[in-house]
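The structure appears below as structure tokens.
Source: prediction; values computed, not measured. All chains are named by letter (A, B, ...) in the order of the sequence lines, taking the proteins before the strands, and each is independently numbered beginning at 1.
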Number of protein chains: 2
Amino acid sequence: MTRTKTDLFTSDETRLAELAKALAHPARIAILKMLATKNSCICGEIVDELPLAQATVSQHLKELKNVGLIKGEIDGPKVCYCLNEDGIKELRLLWSALEANVMAKCC
Amino acid sequence: MTRTKTDLFTSDETRLAELAKALAHPARIAILKMLATKNSCICGEIVDELPLAQATVSQHLKELKNVGLIKGEIDGPKVCYCLNEDGIKELRLLWSALEANVMAKCC
DNA sequence: TAGTTTAATCGTAAAGCTACGATAAACGAT
DNA sequence: ATCGTTTATCGTAGCTTTACGATTAAACTA
């Protein structure tokens, strides 16, 4: 697999890196865990649970949404966030490929 | 699980985020795949395979080493890199916990 | 309609990431 | 000893991330 400047990396590498970046902050991991256990969650509850300002949490939520791991649905004045099944499935798939290609060869 | 300013996140969240950050660049994912398939690898071979300057690749290798996912062993004037079993195992463990706590609840 | 609640966005400061060329350090070979 | 090879490190530019307070926008509530 030779790489050139125009075809820098495979799309799987690029996409997995993108998803990994979304997980690259403890607050965002905490948010995902929270959404999984409570099944869905009003934005305010997430803010209350995290040791971060409302604006910062909103920013983290936006990142998770942009990358496709969660989605938010407006519910009156509030916003209800939940996991985005499509994104989670994609992450699982790309991860298990890495698991097979990398981890399995090692341990 | 209430969080305070002194105990911001759990150590698992923090460590997984750290490992995820190491995966948050396609070049570093490519490096891990390369080390897995070739089993071990002279630094120069990695540089040749990637569309990046030597200094940049060296920087990516350093990050992977610092986080514990690879190790490098000096072999004359060259350096031979390989996966670090301990770090890979840790990543698998933290990942499967996330898989159980998050993914399984969703799909 | 006025006031309150909720969440996104704006503006911004500080820190970190990514890339590269240039340089230094370590080693083998001549 | 000197030279070429190999890799790490330095210095630096440009961009991104993270954090927060302040503000805005939207939607209930009295």
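- Note on A:Glu63: only backbone sugar-phosphate atoms sit closer than 4.0 angstrom, heavy atoms only; bases stay farther off.
- Both A:His60 and B:Lys62 sit near DNA chain D, but only B:Lys62 has its closest nucleotide nearer the 5' end.
- Summarising the geometry, the separation between NE2 on A:His25 and C1' on C:dC17 is reported as 15 Å, rounded to the nearest angstrom.
- Note: NZ (B:Lys78) to P (D:dG4) measures 17 Å, nearest angstrom.
- In this structure, A:Ile42 reaches the sugar-phosphate backbone alone: every heavy-atom distance under 4.0 Å involves primed, P, OP1 or OP2 atoms, never a base.
- Rounded to a whole Å, the CD1 atom of B:Ile74 is 14 Å from the C1' atom of D:dT9.
- Atom CG of B:Asp75 and atom C1' of C:dA26 are 13 Å apart (whole Å).
- Smallest separation of non-hydrogen atoms from B:Cys107 and A:Arg92: O-NH1, 3.1 Å.
- Side chain of A:Arg28 to main chain of A:Ala22: a donor-acceptor pair is present (N/O by atom type, distance under 3.5 Å, no hydrogens or angles).
- Note on A:Lys21: only backbone sugar-phosphate atoms sit closer than 4.0 angstrom, heavy atoms only; bases stay farther off.
- Between A:Glu63 and A:Lys21, none of the side-chain N atoms (NZ, or NE/NH1/NH2) sits under 4.0 Å from a carboxylate O, so this pair counts as no salt bridge.
- Nearest-nucleotide assignment on DNA chain D puts the 5′-proximal partner with A:Thr56, out of A:Pro77 and A:Thr56.
- Distances shown here put a side-chain N or O of A:Tyr81 below 4.0 Å from the OP1 or OP2 atom of C:dA8.
- In this structure, A:Gln54 places its CD atom 15 Å from C1' of D:dT18, rounding to the nearest Å.
- Here OG of A:Ser58 is found 8.5 Å from NZ of A:Lys65. Values are rounded to the nearest 0.5 Å.
- For B:Gln59 against D:dA8, no side-chain N or O and base N or O form a donor-acceptor pair under 3.5 Å.
- Distance check, rounded to the nearest 0.5 Å: CD1 of B:Ile70 to CD1 of B:Ile31 gives 6.5 Å.
- Remark: P of D:dT5 and CD of B:Glu45 are 17 Å apart, rounded to the nearest angstrom.
- DNA chain C is contacted by both B:Ala24 and A:Gly44; A:Gly44 maps to the nucleotide lying nearer its 5′ end (nearest heavy atom per residue).
- With D:dC20, D:dT18, C:dC20 as the choices, the nucleotide that has an atom nearest any side-chain atom of A:Leu52 turns out to be D:dC20.
- At whole-Å resolution of the value, CD in B:Glu18 and P in D:dT18 are 14 Å apart.
- At whole-Å resolution of the value, CD in B:Glu73 and C1' in D:dA8 are 17 Å apart.
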